[in-house]
Amino acid sequence: MGSSYNGVSMLVLVGLVVNSLVVVAFAGDFYQDFDLTWGGNRGKIFNGGKLLSLSLDRVSGSGFQSKKEYLFGRIDMQLKLVAGNSAGTVTAYYLSSQGPTHDEIDFEFLGNLSGDPYILHTNVFTQGKGNREQQFYLWFDPTRNFHTYSIIWKPQHIIFLVDNIPIRVFKNAESIGVPFPKSQPMRIYSSLWNADDWATRGGLVKTDWTKAPFTAYYRNFNAKACTWSGGASSCASSASSTSGGAWEANELDAPARRRMRWVQKYFMIYNYCTDLKRFPQGFPPECKRPRF
């Protein structure tokens, strides 16, 4: 991709980032909010519950999940991805329900050779069906510092954000027959695992195990969201503490739309809605609607 990041003016980039960043004033407690679910001691919580790490070696990867289930809201997490030669590795961070007709909202970070950019892979599953991939390069090195990756999930739409810059919107298109995830509560999951059969250049580049262990770091989890327990939502009452939050805004404002157009123009590298080879009989119906 080159040091000029597709030739985009660094001045424009700085302006967009400064206008988009929010002050991180939250710091979730990983002991309180999450369970390490697999990988043995490859998953660790430390620094008084403020920091979590997942590691991958030749034997196993690792993962965690939230203690709570959510049905709508905003989820933020800061990640610092595997540094160096991360080819073959995938760091997944997503919301998901369970079962064959599960719903899922995905961030997946596909590793690459040293010096080559990560690919941010996004997808939305409804009733067990995905195939709605959009992929992006990032406009920064995600291994040098922590960056915030957010999901806003509402009955009207799902918004994916990076450092508070929207990169993708998946709108509710039930009116034209497209299922939308709105009835299944989801937990937050993350995992670091070996996927060298497909993750880097379609599986051509394999994991270099001499560089193991591979480690990703997490901090500053925040959920301004409706929790689900005992068949009821914490937001059932209009007096819910999540009411009035910024995540409840119905649409992106004009500056946010401009930022998303910038990302999709300069950094989107795959969009299922433009893949004619994949859909020779016609694109999925949601692809015929405006993106913004």
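Because only heavy atoms are used, hydrogens play no part in the values below, and waters and symmetry mates are left out as well, while side chains stay in. By convention here, the first residue in the shown sequence is residue 1.
Taking all atoms of both residues into account, the shortest heavy-atom contact from L51 to Y218 is CD1-O, 3.3 Å.
Between atom CH2 of residue W193 and atom CH2 of residue W38 there is a gap of 9.0 Å, rounded to the nearest 0.5 Å. Distance check, rounded to the nearest 0.5 Å: NZ of K50 to CD1 of I45 gives 12.0 Å. Interatomic distance, L120 CG to I269 CD1, rounded to the nearest 0.5 Å: 9.0 Å. A distance of 11.5 Å separates CD of Q98 from CG of D103, quoted to the nearest 0.5 Å. Distance check: N123 CG to Q134 CD gives 9.5 Å after rounding to the nearest 0.5 Å. The NE2 atom of H121 lies 5.5 Å from the CD atom of Q135; values are rounded to the nearest 0.5 Å.
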Next item on the list: Might you work through the side chain to side chain contact (heavy atoms under 4.5 Å, CB included) test for C287 and Y272, ending with a clear yes or no?
Entry: CA-CA 8 Å; C287 296; Y272 76 109; 3.6 Å; yes

Note to self: L161 vs I167, test: side chain to side chain contact (heavy atoms under 4.5 Å, CB included). Steps then yes/no.
What the structure shows: CA-CA 6 Å; L161 305 100; I167 64 169; over 6 Å; no

Checklist line | W139 and Y266: CA distance, side-chain angles, deciding distance, ring pair (Phe, Tyr, Trp, His ring centres under 6.0 Å) verdict | finding: CA-CA 9 Å; W139 49 95; Y266 291 106; over 10 Å; no

Margin query: Working note: L54 + F64, criterion side chain to side chain contact (heavy atoms under 4.5 Å, CB included); need CA distance, chi angles, decisive distance, verdict.
Written below: CA-CA 8 Å; L54 294 180; F64 64 85; 3.9 Å; yes

Notebook entry, point to check: So L79 and Y93, side chain to side chain contact (heavy atoms under 4.5 Å, CB included) or not? Walk me through it.
Noted result: CA-CA 9 Å; L79 282 76; Y93 156 58; 4.3 Å; yes

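Two residues are said to be in side-chain contact when any heavy atoms from C-beta on lie closer than 4.5 Å; W262 and F267 meet this criterion. Inter-residue side-chain proximity for M77 and Y149 is flagged as unmet; no heavy-atom pair is nearer than 4.5 Å. You'll find the side chain of F170 stays beyond 4.5 Å of the side chain of I159, heavy atoms only.
A salt bridge links D76 to R74: one of the charged nitrogens lies within less than 4.0 Å of a carboxylate oxygen.
Remark: the backbone N or O of A223 is not paired with any side-chain donor or acceptor of Y70 at under 3.5 angstrom. Looking only at distances, a side-chain donor or acceptor of D141 sits under 3.5 Å from a matching main-chain atom of T143. A donor-acceptor pair is defined here as one N or O able to donate and one able to accept, closer than 3.5 Å; no such pair exists between the side chain of T200 and the backbone of V205. No donor-acceptor pair under 3.5 Å is formed between the side chain of S86 and the backbone N or O of A83. A donor-acceptor contact shorter than 3.5 Å is absent between the side chain of S62 and the backbone of G39.
No donor-acceptor contact under 3.5 angstrom links the side chains of T215 and S53, judged on distance only. Side-chain contact annotation: T227 with S234, donor-acceptor N/O pair under 3.5 Å present. A donor-acceptor contact closer than 3.5 angstrom links the side chains of T122 and R168. No hydrogens or angles considered: a donor-acceptor pair under 3.5 Å links the side chains of T148 and Q78.
Residues forming a salt bridge (charged side-chain N to carboxylate O under 4.0 Å, His left out) with E133 (at least two apart in sequence, or on another chain): R278. Residues passing the side chain to side chain donor-acceptor pair (under 3.5 Å) test with T89: none are found, sequence neighbours excluded. For L71, the side chain to side chain contact (heavy atoms under 4.5 Å, CB included) partners two or more places apart in sequence, or in a different chain, are W153, W228. Considering only residues two or more places apart in sequence or on other chains, S97 meets the side chain to side chain donor-acceptor pair (under 3.5 Å) condition with Q184. A256 is linked by a side chain to side chain contact (heavy atoms under 4.5 Å, CB included) to P166, L252, D253, R259, counting only residues two or more places apart in sequence or in another chain. In this structure K211 satisfies the side chain to side chain donor-acceptor pair (under 3.5 Å) test together with D208, sequence neighbours excluded. With sequence neighbours excluded, the residues satisfying salt bridge (charged side-chain N to carboxylate O under 4.0 Å, His left out) with K182 are E174. Not counting sequence neighbours, the partners of W209 by the side chain to side chain contact (heavy atoms under 4.5 Å, CB included) test are L56, R58, N194, T207, A212, F214. With sequence neighbours excluded, the residues forming a salt bridge (charged side-chain N to carboxylate O under 4.0 Å, His left out) with R132 are E286, listed by chain and number. With sequence neighbours excluded, the residues that form a salt bridge (charged side-chain N to carboxylate O under 4.0 Å, His left out) with D35 are K67. Remark: R42 engages D57 in a side chain to side chain donor-acceptor pair (under 3.5 Å) (not counting sequence neighbours).
Counting heavy atoms of neighbouring residues, nucleotides and ligands inside a 6.0 Å radius, atom NZ of K44 exceeds 12 of them. Environment of NZ in K129: sparse, with no more than 12 heavy atoms of neighbouring residues, nucleotides or ligands closer than 6.0 Å.
Side-chain rings of Y189 and Y94 approach one another, their centers coming within less than 6.0 Å.
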Sequence neighbours excluded and cut-off under 3.5 Å, please list the side-chain donor-acceptor pairs for residues 106-116, or say none.
from: N112; atom 1: ND2; to: P117; atom 2: O; distance (Å): 3.2
from: S114; atom 1: OG; to: N85; atom 2: N; distance (Å): 3.0
from: D116; atom 1: OD2; to: R201; atom 2: NH2; distance (Å): 2.8

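Ring orientation note: the planes of H147 and F140 are close to parallel, at an angle under 30° on the 30°/60° scale.
Residues L52 and F46 do not share a hydrophobic cluster, defined by chaining ILVMFWY side chains whose heavy atoms lie under 4.5 Å apart.
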